[in-house]
There are 2 protein chains.
Amino acid sequence: MTNSYTMINPLVKQMQAAGHRMTPQRQAVLEILTTSDAHPTVDQIYERVRVDFPMTSRATVYKTISLAKEMGVVMELEFGKGSNRYDGKRPYPHTHVICTKCKQVMDADDLEITELKEQVIRKTGYWIVNHRVDFFGICPDCQKVSTHN
Amino acid sequence: MTNSYTMINPLVKQMQAAGHRMTPQRQAVLEILTTSDAHPTVDQIYERVRVDFPMTSRATVYKTISLAKEMGVVMELEFGKGSNRYDGKRPYPHTHVICTKCKQVMDADDLEITELKEQVIRKTGYWIVNHRVDFFGICPDCQKVSTHN
DNA sequence: TTACGTGCAAAGCATTTGCCTCCCT
DNA sequence: AGGGAGGCAAATGCTTTGCACGTAA
């Protein structure tokens, strides 16, 4: 992640083109969302924004994320009990692998689920428009630390 | 779903064997959890229990579900924003198909995800212990009602 | 009998909303 | 200048918790 928000982020233009004003807070939130691979939580985004803009409120972070969601440029990953995470780098359905120990959320978006999806359509008659595929386990790093869970 | 809770539910015995007391409220909650295919919400369970036992509180429903989760006999399906659903009939990971219109949650547990899982293990080096596979779309019934969403 | 379970109400927490002020355009 | 955006605090909604009373075993 960069230390300044001076990069011209395509989302900034996109948001302005959609008739929304640009502010340092918004720019910072968008920058974090689009440059992070770690699927940050709201609080992680909030803390990071406040490094550069200490006056920023949680409400603004929530509102900006909400706006980005509406524009379809950020995907929300709900993990229940207020541990939602956000992805502005790949805001489309893709497979995730989550370490239950260190809470890392890793992309595995090169996995092919087309066949599975076609099975679902064939067997259920649904129109499928979205999917959520998550695998939970222990990442290689955490395996090294302990073999007991 | 039956109208009385007189059936001898294996979970009742199991819970007693684990050293927990049995009460009408617990028996009712367990009966609903294990006989329903509809993946009920806490509130649906609560309302159903109160048909027969109107004095039952939400707290007791939550506590009983929590106990059942700890025993591994009920699986929690988190759908974010307090719309959790519960499955005591198939309390193990399996594929779901969800209608975004009528909110029906359907099982598709005959789908084979082994190959996908092996791909994940091969590509990430994780130990995979669990998974969550959900497809979202429009069910056949809702397709008939309207073709516009 | 007595520790466990229940019901009630209060507390928790992440998120949303209302409202007033400020400032981007 | 005017309306969108931000900040603060209150409200929300689901879930959890504390506590006193009741009850299963």
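Convention: sequence-line order gives letters A, B, ...; per-chain numbering from 1.
Taking atom CZ of residue B:Phe53 and atom P of nucleotide C:dG5, one finds them 17 Å apart after rounding to whole Å. One can place CZ of A:Arg58 at 9 Å from C1' of C:dA14, the figure rounded to the nearest angstrom. For A:Gln27 and C:dC23, the CD to P distance is 17 Å, given to the nearest whole Å. Here C:dT15 presents its P atom at 13 Å from CG of A:Leu77, a figure rounded to the nearest Å. Nucleotide D:dC14 holds its P atom 12 Å from the CD atom of B:Glu47, rounded to whole Å. One interatomic measurement links the two molecules: CE of B:Met15 to C1' of C:dG5, which rounds to 12 Å at whole-angstrom precision. As a whole-Å value, the separation of B:Ile65 CD1 from C:dG5 C1' is 16 Å. For the pair B:Tyr46 OH and D:dC14 P, the computed distance is 13 Å after rounding to whole Å.
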Protein-nucleotides 23-25 of chain D N/O pairs closer than 3.5 Å?
from	atom 1	to	atom 2	distance (Å)
D:dA24	O3'	B:Met22	O	3.3
D:dA25	OP1	B:Met22	N	3.0

Please tabulate, one pair per line, each protein N/O and nucleotide N/O from nucleotides 8-13 of chain C that are separated by under 3.5 Å, including the distance.
none

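Contact of the A:Arg26 side chain with the A:Val12 side chain is not registered, since no non-hydrogen atoms from C-beta on lie closer than 4.5 Å.
Heavy atoms of A:Arg26 sit under 4.0 angstrom from primed sugar atoms or phosphate atoms, though from no base atom. Heavy atoms of A:Asn84 sit under 4.0 angstrom from primed sugar atoms or phosphate atoms, though from no base atom.
Here A:Asp107 does not pair with A:Lys89 in a salt bridge; the nearest charged N to carboxylate O distance is not below 4.0 Å. Between B:Asp87 and B:Arg85 there is no salt bridge, since none of the side-chain N atoms of the basic residue sits less than 4.0 Å from a carboxylate O of the acidic one. A salt bridge links A:Asp43 to A:Arg58: one of the charged nitrogens lies within less than 4.0 Å of a carboxylate oxygen.
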Show which side-chain atoms of residues 114-121 of chain A pair as donor or acceptor with protein atoms under 3.5 Å away, not counting sequence neighbours.
from	atom 1	to	atom 2	distance (Å)
A:Thr114	OG1	A:Glu112	OE2	2.2

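With sequence neighbours excluded, no residue forms a side-chain hydrogen bond (donor to acceptor under 3.5 Å, both in side chains) with B:Lys103.
Here side chain to side chain donor-acceptor pair (under 3.5 Å) pairs that include residues 12-23 of chain B, with residues two or more places apart or in two chains, number zero.
Using modelled atom types, one side-chain atom of B:Thr34 and one backbone atom of B:Glu31 make a donor-acceptor pair closer than 3.5 Å.
Taking five base pairs at each end of the helix from C:dT1-D:dA25 to C:dT25-D:dA1 and finding the rotation axis that steps the C1' atoms of four pairs onto the next four gives two axes whose angle is 30°, to the nearest 10°.
When all heavy atoms of B:Phe79 and B:Asp134 are compared, the closest pair comes out as CE2-OD2, 3.8 Å.
Positionally, the nearest nucleotide of DNA chain D for A:Leu67 lies more toward the 5' end than for the other of B:Tyr62 and A:Leu67.
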So B:Gln27 and B:Asn9, side chain to side chain contact (heavy atoms under 4.5 Å, CB included) or not? Walk me through it. CA-CA 8 Å; B:Gln27 199 168 335; B:Asn9 190 313; 5.9 Å; no
message = Does A:Ile45 form a side chain to side chain contact (heavy atoms under 4.5 Å, CB included) with A:Thr41? I'd like the steps, not just the answer.
response = CA-CA 6 Å; A:Ile45 296 166; A:Thr41 64; over 6 Å; no
